[in-house]
Asks: 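Dropping the structure in here first, questions after.
Here is how names work: the chains are called A, B, and so on, in the same order as the sequence lines, proteins then strands, and each is numbered from 1.
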Amino acid sequence: MNALTLLADPDTFRAPTPEELFQLAPVGGIYWLTKPVILAVLSAIVVVAIFWSAFASPKLVPRGMQNVVEMGYMFVRDEIARPFLGKDADRWMGFMLSIFFLVLVWNLMGVVPLMQFPVASHLAFPIVLAGAIYIIKIYLGVKHQGPVGYFKNMMFPPGLPKGIYVLLAPMEFLSNMIIAPFTHAVRLFANMFAGHTLIAFFSMVGYWFLFEKLTPLGAPIGIIGVLVTIVFTAFEMFIQFLQAFLFAMLASMYIGGSLHPEH
Amino acid sequence: MSEKKDRPNEDDGRNFPDDAWSIISTLLSGILIYGGIGWLLDRWLDTVAFFPIGAVVGVLLAVYLVYRKLGG
């Protein structure tokens, strides 16, 4: 028996493929209406609802929901907006708060029971956000530093010997204009894709060896699968938070860099 | 060490080593540009040496740029 017949054997364990996990069937026959689309809209509604319930009638001494959401606001202000935007931070808080909480809820959809799909594991979603931030970055840079000044500040960092600029300027251009927005989107996508694949794999191990084909030898493997799924779910929640933080922090960094050029 | 220009206003933001986040994209762009030029030269001249030379030169330039931006 070779490897191919083993793969086709319905009695052996088979890891879930990316097609099974990420190519989801359209809902109700509408070709663009898939699970991640529904979850993306649902996440936006959840974020609006959370902030509405917290700040619809704000109290001077916050209680309950307002208290919790104010902690989130302080976190975004002190850790994401202020370090990069400085005195402009307050003007950008609405944007930064929306970005951070939308991406966070998108990501957390990966571990919410019944939802269990991180929206950003489809590259299209982070590309839209990163693309919007990229356009804002260039617009603000040209507006605040002038069309020539913006590219001059970007491509010719001060303090280097004259001749070397010929070699370094194209690198700075490529790094800032193409690689930075690309990695901004792909970092979020790849983390969510990998996390979802790992959790799906280990829960599949648990399901297969404990429910589908329960055998004395397979049962311990199934138990390990369930335990690792639990541990990875906790770890994945940490990654989901971290990636939402990083995505918003990089947005803040790019916008801050356009507002105040490097000295 | 070059003399440090006094920062006009610490409240201006950017008091975090945010340049650190550009290290990876700088390294990548060095390899892509100079490796790419080497690759094109190889195709044009029908050689094999320029692509690895270009990639190494690109990495060296990128490391130099990162060093000057962050260390100098």
Asks: For residues A/H196 and A/P118, report the shortest heavy-atom separation together with the two atoms involved.
Replies: ND1-CD, 3.4 Å
Asks: Find the one option among A/I164, A/L160, A/L167 whose heavy-atom pairs under 4.5 Å with chain B are most numerous.
Replies: A/L167
Asks: Tell me, for A/L250 versus chain B, whether the close heavy atoms (under 4.5 Å) come from the side chain, the backbone, both or neither.
Replies: side chain
Asks: Anything in residues 27-39 of chain B with a heavy-atom distance to chain A below 4.5 Å? Please list those residues in order.
Replies: B/L28, B/S29, B/G30, B/L32, B/I33, B/Y34
Asks: Does a side chain donor of either B/R68 or B/Y64 reach within less than 3.5 Å of an acceptor in the other side chain?
Replies: yes
Asks: Given that the side chain runs from C-beta out, which part of A/L259 has a heavy atom under 4.5 Å from chain B: side chain, backbone, both or neither?
Replies: neither
Asks: Could you check whether atom OH of A/Y165 has more than 12 heavy atoms from other residues, nucleotides or ligands sitting under 6.0 Å from it?
Replies: yes
Asks: Under 6.0 Å between ring centres, would you say that holds for A/F51 and A/F101?
Replies: yes
Asks: Compare every heavy atom of A/N107 with every heavy atom of A/A244, then report the nearest pair and how far apart it is.
Replies: N-ND2, 3.8 Å
Asks: Check this for me: A/M237, atom CE, are more than 12 non-hydrogen atoms of other residues, nucleotides or ligands nearer than 6.0 Å?
Replies: no
Asks: Any side-chain donor-acceptor pair under 3.5 Å between A/Q23 and A/E19?
Replies: no
